[in-house]
Each structure stands twice: as C-alpha cells, then as structure tokens.
Participant: 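Attaching a single structure in structure tokens format; questions to follow.
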Amino acid sequence: MHSAPTSRSGGGIVSVLAVAGIVGSLMQTLVVPLIGELPRLLGAGAADTSWVITATLLVGAVATPVVGKLGDLYGKRRMMLACSVPLIAGSVVCALAGSLIPMIVGRGLQGLGVGMIPLGVSALRDLLPPQRVGPAIALMSSSMGIGGALGLPISAAVAEYADWRMLFWGSAALSVLVAVLIWLLVPATPARGRGRLDVTGALGLGIALVCLLLGVSKGAGWGWGSGTTLGLLGTAVVVLLLWGLWELRARDPLVDLRTTARPQVLLTNLASILVGFAMYAQSLVVIQILQLPEATGYGLGQSMLAAGLWLAPSGLMMMAVSAPGARLSAARGPKTSLFAGALIIALGYGTAFGLMGSAWGLMIASSVGNIGVGLAYGAMPALIMSAVPQSETASANSFNTLMRSIGTSVSAAVVGVILSQLTVSMGGHVLPSESGFRTALLVGCGVALAAALVTLALPKPRPPAESAPSPIRPPAAVPSPAASPSAVPAPVASVEPPVTQVWPPVPVRIGHEELGPWRDAFRPPAQTAVPHPDDAGLRAENATLRTENAELRAANTDLRAENDELRKDLDVLMQGLSAWVHNLAQKTG
C-alpha cells in the first residue's frame with residue numbers, strides 16, 4: 001500500500017531524488033576529461049591510471065545489489081544517507097590526492113555512493129500516491145542520463161580553465177547538498193524486508209562481478225587470449241554458478257532468484273543489458289568522431305569542451321521525454337514504452353550512420369538515441385516493481401541497475417575490439433577507421449533491435465477485472481419510537497461480502513503500479529443506524545478483528561505462494577529420483 005507523505009511536498013521529494021540521481025551519475029563522467037593528463041598529474045603510467053575509472057565501476061557494481069538489499073531491510077532513506085557518506089569522503093580524498101593509490105581509493109569510495117540511485121527509484125513507490133509514481137520514476141530515471149551528458153562539458157570546462165582538483169571539491173559540495181536535502185525533505189521509508197543480509201551471497205556475487213567486469217574491461221589491454229583474462233572470465237562463470245546454488249538454498253538470499261526468474265523480471269533485466277550496451281556504444285562512437293582531427297577525412301576536430309557541448313542537448317532530451325513517456329506508460333503500459341524506446345535508439349543509430357559527417361548531425365543522432373534511452377530507462381523500474389513484492393523493490397531495482405552496468409561494460413569491450421581491429425595509420429599514429437565506426441554503429445543498432453524483440457516477449461499486462469456487483473441486503477428497518485416505545489433498537493450489523501467473493505481482490509492497474517483495493521475490502525456500506533450504548537465499543541472491536549483478519553489473509557497468501565514453490569521443487573526432485581531409480585533397475589536387471 002502506498003503511503004503518501006503528509007508533512008512534505010511530493011514535488012520536493014521527487015526533485016531531491018532527481019538531484020541525487022544527477023550527482024550519482026555525474027561521478028561516472030567526472031574524470032573523463034582528465035584521462036590523458038592523469039599519468040602526468042599522478043606520476044604513473046597510462047595503464048595504471050586507467051584504474052581510476054575501473055575502480056569506480058567495480059566498487060559500484062559490487063555495492064549496488066548489497067545496498068539495495070540493505071535498503072529493503074533497514075529503510076531506503078537511511079541507506080541513501082549512508083551512501084552519501086562515502087560519496088563525500090571519496091570526493092575529498094580525490095581532491096587531496098597527489099599520487100595514484102589515494103586517487104584509486106577515493107574513486108572506489110565514490111563508487112559506493114552509486115547505490116543511492118536505485119534506492120531513490122524504489123523509495124518513490126513508498127512515498128508517493130500511486131498516480132504520481134509513474135511520472136516520478138520516469139524523471140528519476142532520466143536524471144541519470146542528464147548527469148552523464150551534462151557532466152562531460154562541465155568537467156571539461158573546469159579541467160581546461162581551472163585547477164583539476166576543483167572537480168572533486170565541487171563533487172564533494174554537491175554530495176553534501178544532496179545529503180542535507182534528503183535529511184530535510186525525504187520522509188523515512190518503512191523497512192519492508194525480512195531476515196538479515198546474506199553475507200556469503202554478497203561475497204560470492206562480489207567476487208564473480210569483480211572477475212567478470214575486470215576481465216571484460218581489461219581484456220583489450222591484457223589480450224583476450226591471455227591466461228589472466230581467460231582465468232578471470234572462467235572464475236566468474238564458476239563462482240556465479242556456485243552463488244546461484246547458494247542463493248536458491250539460502251533462507252534470506254541477497255537476490256531472490258525465484259523472483260528474478262519470473263518472465264517479466266528476467267526479460268526486463270535482459271532488455272536492460274541490451275539497452276545499456278546500445279546507449280554506451282553510441283556515446284563511445286560519437287565522442288571519438290567529434291574529437292578526431294579533420295585530416296582523417298571523417299573526424300570533426302572538436303575539443304573536449306566543444307564535443308561535450310555538442311552532446312549536452314541529448315541529456316536535456318532525456319528530461320524532456322520523461323513526462324510524455326510516463327503518460328505513454330500509463331495509457332499503454334511500460335512494455336510499450338520500453339519497446340518504443342528500443343526502436344528509437346535504433347533510429348538514432350541510423351541517423352548517426354547517415355549524418356556522421358557533421359557535428360550538428362551527430363548532435364541530432366545523439367538526441368534521438370537519448371530520447372529512446374529516456375523512454376526505456378523510465379519503463380524498466382515500472383516493469384520490475386510491478387512484478388516483485390513491495391518488500392523487495394530496492395534489491396530488485398538495484399539488480400536491474402547492475403544489469404545495465406554489465407551492458408555498458410560489455411559495450412566498451414566490444415566497441416574497443418571493433419575500433420582496434422579496423423584502423424588506419426596517419427602521421428605515425430594508429431587511429432580507428434571510418435569503416436570501424438560504421439561497423440560499431442551497425443552493431444549498436446542490431447543490439448537495440450534485439451532489445452525491442454526481447455520486449456515483445458514480455459508477458460501481456462493483465463487487464464483490470466470487472467467484478468460483478470454483489471447483492472447487498474438492505475438495512476433492517478428501524479422501528480419508530482411511536483410504534484414501540486419500549487423497544488430498544490439493536491445495532492445494525494455490517495454487511496459481510498458474499499461467500500463467492502474472490503480473495504485477494506483482483507488488483508486494479510493504475511499507471512505503473514498495481515494497487516489492490518485493500519482500503520475498501522472490508523468497509524461496510526453506509527447505513528443509517530440508531531445509536532446504541534455499546535455501539536462505539538463494538539465498532540472498535542469489529543475494526544480490530546477486521547484488521548487482524550486482513551493480516552492473516554495476507555500471511556496465508558504468502559504461505560500458499562511459498563508452498564507452491566516448494567511443491568514445484570519437490571516435483572522436480574521426485575522426477576529426478578524416479579528416473580535415477582528406473583535407470584538403476586534397468587542396469588541391475
């Protein structure tokens with residue numbers, strides 16, 4: 001059930017969480033303008049300074065599902081405030097760093113703060129009335145792209161015209177501002193989860209993600225056939241399998257794999273990987289074309305600052321499309337928004353393929369692609385949250401965010417392989433060729449179309465059921481005092497629903513959410529009753545009994561669901577045992 005805040009403005013809550021999303025995504029592009037200067041600034045080699053970016057990626061990927069689970073257990077607002085602490089500390093450490101190790105430590109601390117983004121998306125379901133959840137999710141999701149798009153020109157301008165340390169002092173100030181706004185304007189969210197943190201599952205998932213993302217992100221430099229890369233990828237596969245077995249048997253799993261295996265959740269996560277791939281691949285291609293020298297014949301010779309300014313409108317398009325996307329999801333369902341977003345991303349690739357000879361053409365193509373990303377990112381949390389229990393919204397959204405991160409990491413590796421294989425030599429330098437960029441665009445377009453096909457496989461939304469009006473007995477006639485002056489009128493009994501009523505009530509879809517009519521499930525029809533001396537006490541006792549009855553029915557529903565899952569597992573086990581006994585009998589006979 002949604003509980004809208006009473007003392008704070010819903011618009012203020014959405015604004016604060018959107019700012020938190022912008023600041024969180026800003027950390028990912030903060031050091032991009034410094035990549036070429038980091039070896040000189042930190043006194044280390046280029047291969048070593050690349051860990052400044054890799055550290056944030058790895059720590060953020062590992063921390064996101066853990067922070068999401070803690071948000072379900074202890075409250076999302078509390079965990080958002082907790083995430084702001086390493087975000088502030090990491091920014092200060094980076095601002096004071098004079099060598100490589102402190103910079104990597106600071107960037108790792110900043111990665112811990114990335115978890116506040118899915119926490120904020122999940123908190124919207126607890127803090128806003130149902131009719132406002134859809135537009136708020138769309139705005140919050142688009143804020144992540146806005147931070148990434150606007151962060152590049154801002155960072156480039158600061159790095160070019162001011163001390164590079166100002167980037168981190170500025171991020172520290174923004175992080176403090178976000179923490180204060182969350183403390184003042186975001187109400188406390190209930191802790192709906194049960195149990196405790198699965199430490200073994202968290203360690204297993206962390207080891208698997210570090211091996212996977214490290215192998216993918218460093219494979220190009222180490223060599224895809226090297227023993228280190230293959231060993232990391234192989235270890236990731238083995239650990240993921242063992243982790244999955246543990247999670248299926250754990251009493252309080254870090255990620256409920258049975259819930260994750262539901263078609264709507266599973267296919268949405270798969271689409272998230274593909275959309276993350278397509279979004280990042282276009283960014284990698286466009287920014288390089290803008291900055292390559294004009295002497296190549298296809299480069300546009302823009303500086304980092306100018307390239308960032310050309311791409312800034314694409315981030316604003318994500319914000320502009322958030323409200324229309326929410327209306328589309330409310331009218332046609334988030335599945336339609338995700339499908340339309342994937343097709344528009346593919347259209348953006350097609351536009352880039354035809355207009356890559358000019359900066360304004362790439363700006364248009366990037367804006368078209370980000371319109372699709374905005375639609376898709378706004379629909380994914382809605383699809384996830386409508387398919388999982390409210391006690392698991394934070395962990396489910398965090399896992400979905402992790403899927404997007406995996407998509408972007410794989411995208412960087414694939415595009416890097418393509419551009420490193422299709423090259424030209426110019427002035428003693430090896431540069432990606434025009435055919436390499438066009439190939440990368442075609443691959444990205446194909447991945448976006450694949451995301452659209454996956455979206456088509458999502459289950460159709462269940463239409464609201466039209467319940468037939470149940471017959472209600474008219475209230476008993478109250479004898480008039482003139483007819484029977486000595487009669488004491490009996491209290492009018494509330495009308496119970498007929499025995500044939502389906503329980504629980506079929507939910508009615510409102511926007512992105514399914515809200516069952518729980519508030520009205522036990523409300524008696526309005527009647528005119530003559531007061532009775534014990535009427536108030538009876539009504540209070542009746543209300544208490546109805547509340548307890550509702551809780552027992554909800555608990556019974558949960559137990560039935562768990563019983564069904566256990567029965568399925570038992571059926572599979574018995575089938576396997578029967579087959580084993582049959583084979584054994586044949587061999588011995």
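We use all heavy atoms of the structure for the numbers below, so side chains are in, but hydrogens, waters and symmetry mates are not.
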Participant: Yes or no on side chain to side chain contact (heavy atoms under 4.5 Å, CB included) for Val368 and Ile344, after CA distance, side-chain angles and deciding distance?
Facilitator: CA-CA 7 Å; Val368 171; Ile344 293 175; 4.0 Å; yes
Participant: Using side-chain heavy atoms (C-beta onward) and a distance below 4.5 Å, is Ile384 in contact with Val265?
Facilitator: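 Yes - at least one pair of side-chain heavy atoms lies under 4.5 Å apart.
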Participant: Scan side-chain atoms only and decide if Ser91 and Gln110 contain a donor-acceptor pair under the 3.5 Å cut-off.
Facilitator: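 Looking only at side-chain atoms, Gln110 and Ser91 do form a donor-acceptor pair, the distance falling under 3.5 Å.
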Participant: Which atoms form the tightest heavy-atom contact between Gly369 and Ile345, and what is the distance?
Facilitator: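 Result for this residue pair: O-CG1, 3.6 Å.
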Participant: Is there a donor-acceptor pair under 3.5 Å between the side chain of Thr408 and the backbone N or O of Ser405?
Facilitator: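 Such a contact is found between Thr408 side chain and Ser405 backbone.
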Participant: Would you check if the side chain of Ser411 reaches a backbone N or O of Ala281 as a donor-acceptor pair within less than 3.5 Å?
Facilitator: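 Yes, the answer is positive, given that a donor and an acceptor are paired below the 3.5 Å cut-off.
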Participant: Apply side chain to side chain contact (heavy atoms under 4.5 Å, CB included) to Phe399 and Val388, showing your working.
Facilitator: CA-CA 12 Å; Phe399 195 74; Val388 302; over 6 Å; no
Participant: Sub-3.5 Å donor-acceptor pair from the side chain of Thr229 to the main-chain atoms of Ser226, do we have one?
Facilitator: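 Checked: no pair found.
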Participant: Can you tell me how far apart CG (Asn370) and CE (Met317) are? Round to the nearest 0.5 Å.
Facilitator: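 Asn370 atom CG to Met317 atom CE measures 9.0 Å (nearest 0.5 Å).
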Participant: For residues Val424 and Thr296, determine if any side-chain heavy atom of one lies less than 4.5 Å from a side-chain heavy atom of the other.
Facilitator: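 They are not in side-chain contact.
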Participant: For the atom pair CG (Leu292) and CD1 (Ile287), what is the distance rounded to the nearest 0.5 Å?
Facilitator: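 CD1 of Ile287 is found 10.5 Å from CG of Leu292.
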Participant: Of the non-hydrogen atoms in Val158 and Asp163, which two are nearest, and what is the gap between them?
Facilitator: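 Minimum heavy-atom separation between Val158 and Asp163: CG1-O, 4.1 Å.
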Participant: Quick one: pull up OG in Ser84 and CG in Leu112 and give me the separation to the nearest 0.5 Å.
Facilitator: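 Ser84 OG to Leu112 CG: 11.5 Å, rounded to 0.5 Å.
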Participant: Are the side chains of Val31 and Phe168 in touch, meaning some heavy atoms are under 4.5 Å apart?
Facilitator: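 Val31 reaches Phe168 side chain to side chain.
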Participant: If you compare all heavy atoms of Val447 against all heavy atoms of Leu274, which two are closest, and at what distance to 0.1 Å?
Facilitator: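 Looking at all heavy atoms of both residues, the closest pair is CG1-O, 3.3 Å.
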Participant: For the pair Thr64 (side chain) and Ser398 (backbone), establish whether a donor and an acceptor sit closer than 3.5 Å, ignoring hydrogens and angles.
Facilitator: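 Looks like no, no N/O pair under 3.5 Å.
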Participant: Starting from the C-alpha separation in whole Å, work towards a yes-or-no answer on side chain to side chain contact (heavy atoms under 4.5 Å, CB included) for Val178 and Met80.
Facilitator: CA-CA 10 Å; Val178 166; Met80 281 190 285; over 6 Å; no
Participant: Heavy-atom distance under 4.5 Å between the side chains of Val121 and Thr401, does that happen here?
Facilitator: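 Side-chain contact under 4.5 Å: no.
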Participant: Is any side-chain heavy atom of Gln288 less than 4.5 Å from a side-chain heavy atom of Leu419?
Facilitator: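 Yes - at least one pair of side-chain heavy atoms lies under 4.5 Å apart.
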Participant: Can any side-chain N or O of Gln264 pair as donor or acceptor with the backbone N or O of Leu383 at less than 3.5 Å?
Facilitator: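 Yes: the side chain of Gln264 pairs with the backbone of Leu383.
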Participant: Do the numbers put Arg404 on top of the ring of Tyr377, so that NZ or CZ is under 6.0 Å from the six-membered ring centre and no more than 45° off the axis?
Facilitator: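 Yes, a cation-pi geometry holds between Arg404 and Tyr377.
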Participant: Of all the heavy-atom pairs spanning Ala208 and Val239, show the shortest one and how long it is.
Facilitator: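 Reported closest heavy-atom pair: CB-CG1, 3.8 Å.
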Participant: Quick one: are Trp243 and Leu257 in side-chain contact, heavy atoms under 4.5 Å?
Facilitator: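 Side chain of Trp243 against side chain of Leu257, heavy atoms only: contact under 4.5 Å found.
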Participant: Check for a donor-acceptor pair, side chain of Tyr349 on one end and backbone N or O of Ala278 on the other, with a separation under 3.5 Å.
Facilitator: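 Side chain of Tyr349 to backbone of Ala278: a pair is present.
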Participant: Do the non-hydrogen side-chain atoms of Val237 and Leu212 ever get within less than 4.5 Å of each other?
Facilitator: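 Answer no - side chains too far apart.
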Participant: Going through the checks in order, is the side chain to side chain donor-acceptor pair (under 3.5 Å) test met by Arg107 and Thr56?
Facilitator: CA-CA 5 Å; Arg107 290 289 292 165; Thr56 307; 3.1 Å; yes
Participant: Roughly how far apart are Ile289 CD1 and Leu300 CG, rounded to 0.5 Å?
Facilitator: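 Answer rounded to 0.5 Å: 7.5 Å.
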Participant: For a quick test of reading the model, state the closest non-hydrogen atom pair linking Gly71 to Leu119 and the distance between them.
Facilitator: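 Scanning both residues completely, I find the closest heavy atoms to be CA-CD2, 3.9 Å.
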Participant: Other residues, nucleotides and ligands only: do more than 12 of their heavy atoms fall within 6.0 Å of OH on Tyr280?
Facilitator: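 No, OH of Tyr280 has 12 or fewer neighbouring heavy atoms, counting only those of other groups under 6.0 Å.
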Participant: How long is the span from the CG atom in Leu232 to the NZ atom in Lys218, to the nearest 0.5 Å?
Facilitator: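 These two atoms lie 12.0 Å from each other.
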Participant: Side chain to side chain contact (heavy atoms under 4.5 Å, CB included) with Leu362: which of Val286, Leu311, Leu355, Val285?
Facilitator: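 Only one option passes, and that is Val286.
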Participant: Side-chain contact test, heavy atoms from C-beta onward, threshold under 4.5 Å: evaluate it for Ser433 versus Thr423 and give yes or no.
Facilitator: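 Heavy-atom side-chain distance check fails, nothing below 4.5 Å.
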Participant: So, taking the atom named CD in Gln282 and the one named OG1 in Thr351, what distance separates them when rounded to the nearest 0.5 Å?
Facilitator: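 It comes to 8.5 Å.
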Participant: Taking Ser122's backbone N and O only, do any of them form a donor-acceptor pair with Lys76's side chain (distance below 3.5 Å, no angle check)?
Facilitator: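 Checking the backbone N and O of Ser122 against the side chain of Lys76, no donor-acceptor pair under 3.5 Å is found.
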Participant: Kindly indicate, with the supporting measurements, whether the criterion side chain to side chain contact (heavy atoms under 4.5 Å, CB included) is fulfilled by Leu338 and Leu458.
Facilitator: CA-CA 10 Å; Leu338 180 55; Leu458 283 168; 4.2 Å; yes
Participant: Is it true that a side-chain atom of Ser366 and a backbone atom of Met363 form a donor plus acceptor pair closer than 3.5 Å?
Facilitator: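 Absent.
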Participant: Which heavy atom of Leu57 sits nearest to which heavy atom of Ser409, and what is that distance?
Facilitator: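 Closest approach of Leu57 to Ser409: CD1-OG, 3.5 Å.
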